[in-house]
Amino acid sequence: MDISLLHAGLAAGAGLAAVPVILHLMMKQKPKRVIFPALRLIQERHKRSKKKLRIKNWLLLLARMMLLALMALALARPTLHSEVPLGDQEVPTALALVFDTSQSMEYTERGKNRLAEAKALAGEILKKSTDDSEVYVIDSAEPFKPAPLSPGAARKRVDALALRPANRVLNEAVIQANAAVAASNLSRREVYVLTDLARSAWDLSSTRTAEELARPRKSKILVSTYVLQLSPKDVRDVAVVSAEPAPGGAAEGEPIEIRAKVRSSGPKTSRVVELWLDGAKRDQKNVEIPANGEVEAMFLTPPKLAPGLHQGSIKIGVGGTDNLPFDDVRYFSFALRPALDLLVVSDYARDPARPDDDAVFVQRALSPEGADSAFRAVRETTRQFQARTRLTTRDFAGIFLLNVETLQPADWSRLAAYVREGGGLVVAPGNRSRPDSYNNAVAAGLLPATLDAPKVPAEKTTTFAKADLEHPLFNRYAKLIDSELGLTPVYRYWKLKQVSESARVLLRYAGGDPALLERTFKGTKTGHVLLWTTPLSRRVDRADPAAWNEFPIPASWGFVGVMLETAPYLAGTVGETLNYEAGQDVVLPIDPGRRSTNYTVQGPDPKVTDRLAPPATSDDLLIPSPASLGQWAVEGKAPDGTPVRMGFSVNAPQAESQVVALKPGELDAAFGGKEFYKVADNAQGLRDAQASGRVGTEIFPILMFLILLLVTAENVLANKFHREAVAA
């Protein structure tokens, strides 16, 4: 047990315990020897009682000695786990103030947000610091190494702190603060973490924090850590946690569906939710939100939107006060493009008498009759396709070859040139396809693999196995597609002879053979070739030679979902994202035909602009970590002089609107144990925590209790030992 003394000099007073012994020895009188025979009987009795009396006197003497020793020890104020010899006096200190500047610190009560409360507490700490102290002010959003400041300079730095949408986890800031004060030569080292303890601000799964904080302790360097918990007692907040245009895109003239989620932290409530688009309010809805729950609100944009960039927001309207203003709005952007043309090639022309021909399933999935769609499927026979003299990405965003019997090397050469220009090709051979036509040198240089022969599974039927859910074809609807693929019967598929080294298997059959492979070709725009080893069509009659699978079964959403993701993937728009969270890098695709040498990037503040020039070898514009919340505009100039306009939206991280404080003890693992940090939630709690950390646990109350017991015992013994016996 680590015991220390705040006033070690006073402990010497314990030596006064020897005073009663000294006085006893000095004042002891030598008896005079007188011979008196009549007292012989008394002497005999005295000898018998002398031993008992000597023991009583020593007990009384010992009690008085312990009383003096304990009184001296109590005046020395012994403590457990103290910073002695510093004690509770103000001395030059190396102290770090770690400020949580995440958006959740905007929560406001009684006209003051959490960050303002943190600044006030920091002011109290700095007020008591000596002028020669070293102060490190650490903003949780800034990874830069802090410089030591005087208390006066630190106050100015604290006053300038502001909330930051893009933040790092507080673990990193605490590690940074601990390292800074541990490197100081000053005797006292303290770290103060001022935070609302929101769960979203901490990484509780990492052990790195505890390991880094333990380094100074291994070198016998003491760093005291105080966590100032500024959590609101009763959270009440209504937040727009998401606002996203419906996936899959939309054709020109078709309204876009905007899906918003609104969450209530606290009791059941109702709010007006508004749709704003291109600077104007377009719609509003009254929503009832359950207690500590969320609801979805769906809006439709006007149908006659012009092609190009559109930006808007979902806002919380009237209905009550809100303690967390930043999450009352969520921004979104989307680009409306003309419908993409896709070429679907099969051996047979469209014939009402053949509703089960090879192209009809893909065509219905991409552009259903009588419905607006983001894609237009253009049907051609193999002969019509071969008669084409021109094939460019401006004509078609993608090409599907479905159960085509044969193509000439010249046809494969045109397809190879199209893919290397950035086009997308889907090849799905079936029962009519001739392997020699797909295995010639030109085709082999384009396709992911060469064909061997049709294969029937050993069990007569198989299914698709787990897909590569990280790939854009599957990741948007991963759960839905994955579950349906595992239930899709496959009766026959092409066995592969040789797979290209650059090919990637995206989907396999249950037996392990490849079902879907991809090969990419880098250029000014990346081209993609997808090879299915079973046809993208079905036959009702199992005896039909073309009945290889049940993938495009009418009730199967999996087939439609894969086709709807395949089309934009071939066109290079499937991975296009215009909605980001603060701190994420923004990647905007550049149209090769309208490429600008440099772009002007302007955020929500029109006074702040930046100019960026994309690398000549890249077909993307990278904008590193824009932090301001709201709508961003990117403008350039095409080679023909016409303006190029792009844009995106930046929102606060969704987790910031969930003001859920950590429970007691959840930080123990991060700090290495509850004994290595102390928590306070107000100024008085901070003073108590400081007293405990600096002075330790005083034993003074225990000593005073022991002194009281000894005084009582001494009086009892004295009265008992010296009481005259009552005569018989």
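For the single chain, residues carry numbers from 1 onward in sequence order.
Using modelled atom types, one side-chain atom of Ser264 and one backbone atom of Pro267 make a donor-acceptor pair closer than 3.5 Å. Distance alone, capped at 3.5 Å, is enough to place a donor-acceptor pair between the Lys119 side chain and the Leu161 backbone.
Between Asp159 and Arg157 no salt bridge is recorded (no basic side-chain N to carboxylate O distance below 4.0 Å). The existence of a salt bridge linking Arg508 and Asp468 is excluded, since no basic side-chain nitrogen approaches an acidic carboxylate oxygen closer than 4.0 Å. For Arg259 and Glu257, the salt-bridge test passes: some basic side-chain N is under 4.0 Å from an acidic carboxylate O. Between Lys663 and Glu666 there is no salt bridge, since none of the side-chain N atoms of the basic residue sits less than 4.0 Å from a carboxylate O of the acidic one. Under a 4.0 Å N-O distance rule, the pair Arg208/Glu172 qualifies as a salt bridge.
Defined by atom type and a distance below 3.5 Å, a donor-acceptor pair is present between the side-chain atoms of Gln311 and Ser333. Side-chain atoms of Tyr331 and Asn579 include no donor-acceptor pair closer than 3.5 Å. At a cut-off of 3.5 Å, with distance as the only test, no side-chain donor of Glu109 or Tyr107 sits close to an acceptor on the other residue. Using modelled atom types, one finds a donor on one side chain and an acceptor on the other under 3.5 Å when comparing Thr209 with Asn171. Under the 3.5 Å distance criterion, with hydrogens and angles disregarded, a donor-acceptor pair is assigned to the side chains of Asp585 and Ser625. Using modelled atom types, one finds no donor on one side chain facing an acceptor on the other under 3.5 Å when comparing Thr108 with Asn113. Under 3.5 Å, the side chains of Ser649 and Gln631 contain a donor-acceptor pair of N or O atoms. Side-chain contact check for Arg376 and Gln363: no donor-acceptor pair (N or O, by modelled atom type) lies under 3.5 Å.
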- Kindly determine whether Glu124 and Lys127 satisfy salt bridge (Lys or Arg N to Asp or Glu O under 4.0 Å), including the steps that lead there. CA-CA 5 Å; Glu124 293 297 322; Lys127 188 185 299 183; 3.6 Å; yes
- Query: Where do Ser140 and Asn167 land on the side chain to side chain donor-acceptor pair (under 3.5 Å) test, with the steps shown first?
  - Reply: CA-CA 6 Å; Ser140 63; Asn167 239 286; 2.5 Å; yes
- Task: For Glu635 and Thr600, run side chain to side chain donor-acceptor pair (under 3.5 Å): C-alpha distance rounded to whole Å, both residues' side-chain angles, the deciding distance at 0.1 Å, then the answer.
- Result: CA-CA 5 Å; Glu635 296 181 352; Thr600 300; over 6 Å; no
- Query: Would Val241 and Val262 satisfy side chain to side chain contact (heavy atoms under 4.5 Å, CB included), going step by step from the backbone distance to the final call?
  - Reply: CA-CA 6 Å; Val241 295; Val262 184; over 6 Å; no
- Go through the steps to decide whether Tyr599 and Asp610 satisfy the test side chain to side chain donor-acceptor pair (under 3.5 Å), and finish with yes or no. CA-CA 8 Å; Tyr599 295 86; Asp610 194 10; over 6 Å; no
- Test Phe332 against His310 for ring pair (Phe, Tyr, Trp, His ring centres under 6.0 Å), laying out the working first. CA-CA 9 Å; Phe332 62 85; His310 296 274; over 10 Å; no
- Task: Take Thr269 and Arg271 through the test side chain to side chain donor-acceptor pair (under 3.5 Å) and record every step on the way to the result.
- Result: CA-CA 7 Å; Thr269 185; Arg271 288 290 191 275; 2.7 Å; yes
- Start with the C-alpha gap between Glu296 and Arg263, add the side-chain angles, then the distance that decides, and say whether salt bridge (Lys or Arg N to Asp or Glu O under 4.0 Å) holds. CA-CA 9 Å; Glu296 187 173 70; Arg263 178 188 298 137; over 6 Å; no
- Go through Lys233 and Asp681 one step at a time and tell me if the salt bridge (Lys or Arg N to Asp or Glu O under 4.0 Å) criterion holds. CA-CA 11 Å; Lys233 303 300 181 186; Asp681 55 8; 3.7 Å; yes
- Task: Walk me through it: do Val191 and Tyr226 pass the test side chain to side chain contact (heavy atoms under 4.5 Å, CB included)?
- Result: CA-CA 6 Å; Val191 173; Tyr226 304 95; over 6 Å; no
- Task: Please assess Leu612 against Leu621 for the test side chain to side chain contact (heavy atoms under 4.5 Å, CB included), listing each intermediate value before the final yes or no.
- Result: CA-CA 8 Å; Leu612 296 175; Leu621 177 66; 4.1 Å; yes
- Task: Applying side chain to side chain contact (heavy atoms under 4.5 Å, CB included), run through Phe326 and Glu656 and close with a yes or a no.
- Result: CA-CA 10 Å; Phe326 87 89; Glu656 287 291 317; 3.6 Å; yes
- Task: Go through the steps to decide whether Glu581 and Arg330 satisfy the test salt bridge (Lys or Arg N to Asp or Glu O under 4.0 Å), and finish with yes or no.
- Result: CA-CA 10 Å; Glu581 291 190 346; Arg330 195 122 184 133; 3.5 Å; yes
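For the pairing with Phe99, the side chain to side chain contact (heavy atoms under 4.5 Å, CB included) check across Leu115, Leu170, Ile138, Asp139 returns one residue only, Leu115. Just one residue in the list Pro325, Ser657, Pro165 forms a side chain to side chain contact (heavy atoms under 4.5 Å, CB included) with Gln103, and that residue is Pro165. Partner of Glu274 under the salt bridge (charged side-chain N to carboxylate O under 4.0 Å, His left out) criterion, chosen from Lys315, Lys285, Lys281: Lys281. When Leu578, Ile258, Thr301 are each tested for a side chain to side chain contact (heavy atoms under 4.5 Å, CB included) with Pro245, only one passes: Ile258.
When all heavy atoms of Pro290 and Val295 are compared, the closest pair comes out as CD-CG1, 3.7 Å. The shortest non-hydrogen separation linking Leu194 to Leu121 is CD2-CB, 4.0 Å. Shown here for His471 and Leu506, the closest heavy-atom pair between the two residues is CD2-CD2, 3.5 Å. Smallest separation of non-hydrogen atoms from Glu484 and Gly558: OE1-N, 3.0 Å. Closest approach of Ala661 and Ser231 over heavy atoms only: CB-OG, 3.5 Å. Nearest approach of Val273 to Phe299, heavy atoms of both residues: O-CZ, 3.6 Å.
Looking at Gln658 and Arg199, their side chains never come closer than 4.5 Å, going by heavy atoms from C-beta outward. Counting only heavy atoms from C-beta outward, the side chains of Leu588 and Ile623 approach each other to under 4.5 Å. Using a 4.5 Å heavy-atom cutoff, the side chains of Arg110 and Glu117 are in contact. You'll find the side chain of Leu662 reaches within 4.5 Å of the side chain of Leu204, heavy atoms only. At a threshold of 4.5 Å between non-hydrogen side-chain atoms, the residues Thr195 and Leu230 do not count as touching. Tyr136 places a side-chain heavy atom less than 4.5 Å from the side chain of Val181.
By the 30° and 60° cut-offs, the orientation of the rings of Phe648 relative to Tyr580 is perpendicular. Phe559 and Phe551 have perpendicular rings, their planes meeting at more than 60° on a 0 to 90° scale where under 30° would count as parallel.
Annotation: the span from Gln584 atom CD to Thr577 atom OG1 amounts to 9.0 Å, rounded to 0.5 Å.
Annotation: Phe676 is not in aromatic contact with Phe671 [ring centroid separation under 6.0 Å not met].
Counted within 6.0 Å of NZ on Lys261, heavy atoms from surrounding residues, nucleotides or ligands total 12 or fewer; the atom is thus considered open.
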